[in-house]
Chemist: 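Before anything else, here's the structure in question.
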Amino acid sequence: KAGVTQTPRYLIKTRGQQVTLSCSPISGHRSVSWYQQTPGQGLQFLFEYFSETQRNKGNFPGRFSGRQFSNSRSEMNVSTLELGDSALYLCASSSQTNEQYFGPGTRLTVT
Amino acid sequence: KQEVTQIPAALSVPEGENLVLNCSFTDSAIYNLQWFRQDPGKGLTSLLLIQSSQREQTSGRLNASLDKSSGRSTLYIAASQPGDSATYLCAVRPMFSGGYNKLIFGAGTRLAVHP
């Protein structure tokens, strides 16, 4: 079974731009969660989607948004990028036993 | 508010040693606890998942225990190898998350096993 995939793997953007990241969960997994990882804050939960509905959200500004499609693939969008948004963005899909499986991440650099 | 702490922050050992990594959490109301491994610049690899009703889980040279009442978990690595060098992360799924898949992570233990 293929693992969680994320595209693109690396991105460089400038301040003020927006960015869209994509995540494809493990086949059959309906829950997709997003996390931000930075050296200073560690791993922080962004939001979770299940059956195309956001059902949990972390403490991030409204510039961070996401969606999920009927095939469970998910996208997250960050608008008006700031330098502090530079991070590794990780996506995870959850099995029926709620074990979470992570993708390789997207490394976003904002200059 | 659930907080997860991992001790030590870093560990350097010679190959062959048995290791214990510690994780503590402030609120015992959790659904499960999961241990991950992260290699530099990479995603997380799930090592072990312990449901709240379980006391321990084993996989190969790894054994994880859970004591919910005291808010502690330990990851035991037997006969460490250089390939075990990585950051080990502990995460809990708190009940206050409403049963949804939100994990609260510790800062990790950075392990280096030298030949």
Side-chain angles (χ1 to χ4, degrees), chain A residues 1 3-7 9-10 21 23-26 29-51 53-60 68 72 74 87-109, chain B residues 1-7 9-10 23-25 29-54 57-59 62 64 66 73 86-110:
Chain A
K1 204 182 245 190
V4 178
T5 58
Q6 292 186 245
T7 57
R9 294 292 312 280
Y10 303 92
L21 314 181
C23 171
S24 292
I26 291 171
H29 289 187
R30 293 164 64 191
S31 164
V32 174
S33 302
W34 289 88
Y35 295 81
Q36 180 196 64
Q37 186 176 32
T38 59
Q41 299 296 318
L43 270 152
Q44 294 186 287
F45 173 81
L46 280 158
F47 31 64
E48 182 206 3
Y49 285 87
F50 182 88
S51 293
T53 301
Q54 185 185 92
R55 64 179 188 179
N56 210 347
K57 188 172 175 11
N59 295 325
F60 280 83
Q68 187 179 34
S72 293
S74 176
L88 181 66
Y89 290 88
L90 293 161
C91 152
S93 71
S94 298
S95 67
Q96 288 194 330
T97 56
N98 299 112
E99 183 165 5
Q100 294 205 25
Y101 297 88
F102 282 75
T106 294
R107 171 76 62 188
L108 171 65
T109 302
Chain B
K1 180 189 170 188
Q2 178 72 269
E3 292 182 358
V4 180
T5 303
Q6 291 187 247
I7 294 172
C23 171
S24 61
F25 46 96
I30 62 170
Y31 285 108
N32 59 45
L33 183 146
Q34 200 166 350
W35 282 93
F36 297 90
R37 167 191 173 132
Q38 185 175 32
D39 293 287
K42 308 281 186 175
L44 277 61
T45 300
S46 178
L47 297 174
L48 291 164
L49 170 72
I50 312 176
Q51 303 291 355
S52 63
S53 58
Q54 298 175 319
Q57 283 285 345
T58 298
S59 176
L62 305 179
L66 174 64
S73 176
T87 295
Y88 290 80
L89 294 150
C90 160
V92 300
R93 184 167 158 250
M95 285 188 174
F96 73 69
S97 69
Y100 303 141
N101 290 305
K102 170 180 180 175
L103 292 178
I104 307 294
F105 282 86
T109 293
R110 192 166 56 254

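Residue numbering restarts at 1 for every chain, and letters A, B, ... go by the order of the sequence lines. Note that the coordinates shown come from a computational prediction; the quantities given were computed from them, not determined experimentally.
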Chemist: Restricting to non-hydrogen atoms, name the atom on A:Thr97 and the atom on B:Gln51 that form the minimum distance, rounded to 0.1 Å.
Modeler: O-NE2, 3.1 Å
Chemist: Will you find, in the side chains of B:Thr45 and B:Arg37, an N or O donor that is under 3.5 Å from an N or O acceptor?
Modeler: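 No donor-acceptor contact under 3.5 Å links the two side chains.
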Chemist: Using 30° and 60° as the class limits, which term best fits the ring planes of A:Phe102 and A:Tyr35: parallel, tilted or perpendicular?
Modeler: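 Tilted: the ring planes of A:Phe102 and A:Tyr35 meet at 30° to 60°.
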Chemist: Pick one of side chain, backbone, both or neither for A:Phe47, based on which atoms fall under 4.5 Å of a heavy atom in chain B.
Modeler: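 It is neither, since no heavy atom gets under 4.5 Å.
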Chemist: For A:Gln44, is it the side chain, the backbone, both or neither that has a heavy atom under 4.5 Å from a heavy atom of chain B?
Modeler: neither
Chemist: Where does A:Leu88 contact chain B at under 4.5 Å (heavy atoms): side chain, backbone, both or neither?
Modeler: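 When you check distances to chain B, only side chain atoms of A:Leu88 fall under 4.5 Å.
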Chemist: Set out, in order, the CA-CA distance, both residues' side-chain angles and the distance that settles side chain to side chain donor-acceptor pair (under 3.5 Å) for B:Asn101 and A:Asn56, then state yes or no.
Modeler: CA-CA 8 Å; B:Asn101 290 305; A:Asn56 210 347; over 6 Å; no
Chemist: Quick one: pull up OG in B:Ser52 and CZ in B:Arg93 and give me the separation to the nearest 0.5 Å.
Modeler: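 Atom-to-atom, B:Ser52:OG and B:Arg93:CZ are 9.5 Å apart.
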Chemist: Heavy-atom cut-off 4.5 Å, strictly under: side chain, backbone, both or neither for A:Glu48 against chain B?
Modeler: side chain
Chemist: Is B:Ile104 in contact with chain A via its backbone, its side chain, both, or neither, using a 4.5 Å heavy-atom distance?
Modeler: neither
